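These notes are about the structure you will find just below.
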Number of protein chains: 2
Amino acid sequence: MSLVTDADKPTLYKRIRADIEKRILTGEWPPGHRIPFEHELVARYGCSRMTVNKALSELAQADLIERRRRAGSFVRRPQHQSAVLKIADIRAEITALGRAYGYELIGRKLRAATASDCDRLGVKKAGKVVAITCRHSADNVPFAAEDRLIDLSSVPDAATADFSREPPGSWLLHHVPWTEAEHTISAIVADDRTAEALDIAVGAPCLVIDRYTWRSARTITAVRLLYPGDSHRLVARFKGG
Amino acid sequence: MSLVTDADKPTLYKRIRADIEKRILTGEWPPGHRIPFEHELVARYGCSRMTVNKALSELAQADLIERRRRAGSFVRRPQHQSAVLKIADIRAEITALGRAYGYELIGRKLRAATASDCDRLGVKKAGKVVAITCRHSADNVPFAAEDRLIDLSSVPDAATADFSREPPGSWLLHHVPWTEAEHTISAIVADDRTAEALDIAVGAPCLVIDRYTWRSARTITAVRLLYPGDSHRLVARFKGG
DNA sequence: CACGATTATATGTCTAGACATATAAGTCAA
DNA sequence: TTGACTTATATGTCTAGACATATAATCGTG
């Protein structure tokens, strides 16, 4: 599997699309930024306008850019994310509810990936990983317990990031643009350890969310979140065809 | 709001795309069906191949069709939907697992919408509704309990549909193309009634999915599904920007 | 200054070709 | 029958143009 999708034998329009996509994803061209006009890209790549147009049209279809006649093409602010962000950034979720956000780092370990780590990250062989355990609270009431693994070969900066102040989810969101995520949701009843972490009764229902995030076929992080099941609701909105 | 996107002033390639999209969505061209070759569409619409190619390329980018060199273009089985379908069509989910699907209609009532019905459907005032209670099983083991409300002003045919044979979810899927859905997921522990319906112990964890589906701002159905929490996993995959 | 008319320009769509390339299908030999 | 080779064909990409159209910017006028 290649690092970048569609990069097997880059045709010109795919290269143009990938170039622009990369600048958007890395933040070099932030939302609202005007990307070069078609005629400028034509000059830069030395091709016909149809080739540039095809690249830009696909980016537009993917909602990465917005094209406006006479004005140009502009980087869109992520919009699909909102539904997901509600899940992805617990701090934002809690503060959006008008409640006081609390965060507590319980454990942080830097280690060479074990077999079970690789399995969790969905990779054959990872180098080093950071394992983080922490807890989120709202108005001083436990809100969610988090158990996370970050692949350092994808996110080397995570090795030195200070997770005692900033929750890893927020940190990642601001340092690593993700492109895809998969959630597996299930329900369990709280065992002793979970009950203690969430300050609920043993046997109370818990919502379990396992999220696995990657960018361009490259694993970023795997996280398990435990919520008190009766006090939390997870909202996901889809669009169908 | 218009019913069909991009239909304001249909240019030719959009018309071609919409024509094909319609046939796919209505099921006239089912998954696996080979759609006409480019040269056939060129002949039918009397345009150049690039125009047809643009329509087909967009359908391919939207994952509605798959294009294979030398073979042609084929309707894909819903796969962006698959994550959702897994939720939406329990019968398909169970049979996909290679297990025997069982369905049992427990109750069906046609009534004028009560205040609580309107609330559940998210409308101010509905006319008549159908309320359905049923149960799904896999290999004769209870799989999910369903409690559904269908808005008859949006789906009049549902009044006369025979839900004793076909589960309402499957029926709706084949009769009413949905465009958007919102899921609210939570966890509970089984009470007496739930425990009996799902044949699990009282106090066992349950996953609750409330799904609310609409099309073009028109409510179609609201459904609550109860799954045994330890035996069921819900997978959702998102794409971000 | 405010507002309507004009103009310049970037994107939107389309054509009639061209060559590249993956691959289904057919051919032939072991 | 099976495997290797050849061929036909549908899609993939690209060009150098063309005209259409929405609209930002400019210009003029009251």
Side-chain angles (χ1 to χ4, degrees), chain A residues 1-2 4-21 23-24 29 31-77, chain B residues 2 4-21 23-24 29 31-77 79:
Chain A
M1 196 185 279
S2 68
V4 182
T5 322
D6 289 336
D8 311 270
K9 192 188 283 184
T11 57
L12 184 49
Y13 95 85
K14 281 183 182 167
R15 233 188 71 213
I16 299 172
R17 171 157 69 76
D19 284 356
I20 296 170
E21 201 169 327
R23 293 193 203 234
I24 293 174
W29 287 346
H33 178 91
R34 208 210 77 225
I35 74 174
F37 294 129
E38 291 190 354
H39 65 82
E40 295 177 293
L41 293 168
V42 162
R44 176 176 324 182
Y45 288 95
C47 62
S48 80
R49 190 165 77 91
M50 277 300 279
T51 303
V52 164
N53 185 277
K54 174 152 185 157
L56 296 186
S57 294
E58 289 199 0
L59 289 170
Q61 205 195 337
D63 279 334
L64 264 170
I65 64 171
E66 183 186 347
R67 315 200 69 195
R68 288 207 300 272
R69 276 186 150 106
R70 171 66 213 259
S73 303
F74 300 83
V75 178
R76 291 194 62 145
R77 56 204 76 249
Chain B
S2 69
V4 182
T5 323
D6 289 337
D8 311 271
K9 193 187 281 185
T11 57
L12 183 49
Y13 96 85
K14 282 184 182 166
R15 234 188 69 214
I16 299 173
R17 172 157 69 77
D19 284 355
I20 296 171
E21 202 170 326
R23 293 194 205 234
I24 293 174
W29 288 346
H33 177 90
R34 209 211 75 226
I35 73 175
F37 295 130
E38 291 191 354
H39 64 83
E40 295 176 294
L41 292 167
V42 162
R44 176 177 324 182
Y45 288 94
C47 61
S48 80
R49 190 165 79 91
M50 276 301 278
T51 302
V52 164
N53 185 278
K54 174 153 184 157
L56 296 186
S57 293
E58 288 199 359
L59 288 170
Q61 205 195 338
D63 280 334
L64 264 169
I65 65 171
E66 182 185 349
R67 315 201 70 195
R68 289 208 299 272
R69 275 188 150 105
R70 172 64 213 258
S73 302
F74 300 83
V75 177
R76 290 194 64 147
R77 52 208 79 248
Q79 46 103 57

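Just so it is clear, the model here is predicted, and its values are computed rather than measured. Protein chains get the first letters and strands the later ones, always in sequence-line order, with residue 1 at the start of each.
The shortest distance between the side-chain N/O atoms of A/R67 and the OP1/OP2 oxygens of C/dA10 is not below 4.0 Å. At C/dA10, none of the side-chain N or O atoms of A/S73 fall inside 4.0 Å of OP1 or OP2 (strictly under the cut-off). Phosphate proximity of D/dG12 to A/K14: absent, as no side-chain N or O sits under 4.0 Å from OP1 or OP2. Listed pair A/T51 / D/dT13 fails the phosphate criterion, with no side-chain N or O lying under 4.0 Å from OP1 or OP2.
Side-chain atoms of A/R49 and base atoms of C/dG12 include a donor and an acceptor less than 3.5 Å apart. Between the side chain of B/R70 and the base of D/dG12, no donor-acceptor pair under 3.5 Å is found.
Along DNA chain D, the nucleotide closest to B/P36 and the one closest to A/R69 are compared, and the more 5′ of them pairs with B/P36.
Here C/dT11 is the nucleotide among C/dA24, D/dG12, C/dT11 with the atom lying nearest to any side-chain atom of A/E38.
A/I35 has its CD1 atom 14 Å from the P atom of C/dA10, to the nearest Å. Separating the CD atom of A/E58 from the P atom of D/dC14 is a distance of 11 Å, rounded to the nearest angstrom. Distance A/Y13 OH to C/dA20 C1': 15 Å, rounded to the nearest Å. Nucleotide C/dT15 holds its C1' atom 19 Å from the NE2 atom of B/H39, rounded to whole Å. If you take NZ of A/K54 and P of C/dC14, they are 15 Å apart, rounded to a whole angstrom. The nearest whole Å value for the distance from the CE atom in B/M50 to the P atom in C/dC14 is 11 Å. Regarding A/N53, its CG atom lies at a distance of 15 Å from the P atom of C/dT15, rounded to whole Å. When the P atom of C/dG12 is taken as reference, atom CZ of A/F37 falls 13 Å away, rounded to whole Å.
Side-chain contact between B/L64 and B/I20 is absent, with no heavy atoms from C-beta onward closer than 4.5 Å. In this structure the side chain of B/T51 never reaches within 4.5 angstrom of the side chain of B/Y45, judged on heavy atoms. Within the 4.5 Å cutoff, the side chain of B/M50 has heavy atoms near those of the A/M50 side chain. Two residues are said to be in side-chain contact when any heavy atoms from C-beta on lie closer than 4.5 Å; A/E38 and A/R67 meet this criterion.
Residue-level contact check: B/L12 touches the backbone only, with heavy atoms under 4.0 Å from sugar-phosphate atoms and none from bases.
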### Message
Could you go through A/L56 and A/L59, starting from their C-alpha distance and side-chain angles, then the distance that decides it, and tell me whether this counts as side chain to side chain contact (heavy atoms under 4.5 Å, CB included)?
### Response
CA-CA 5 Å; A/L56 296 186; A/L59 289 170; 4.3 Å; yes

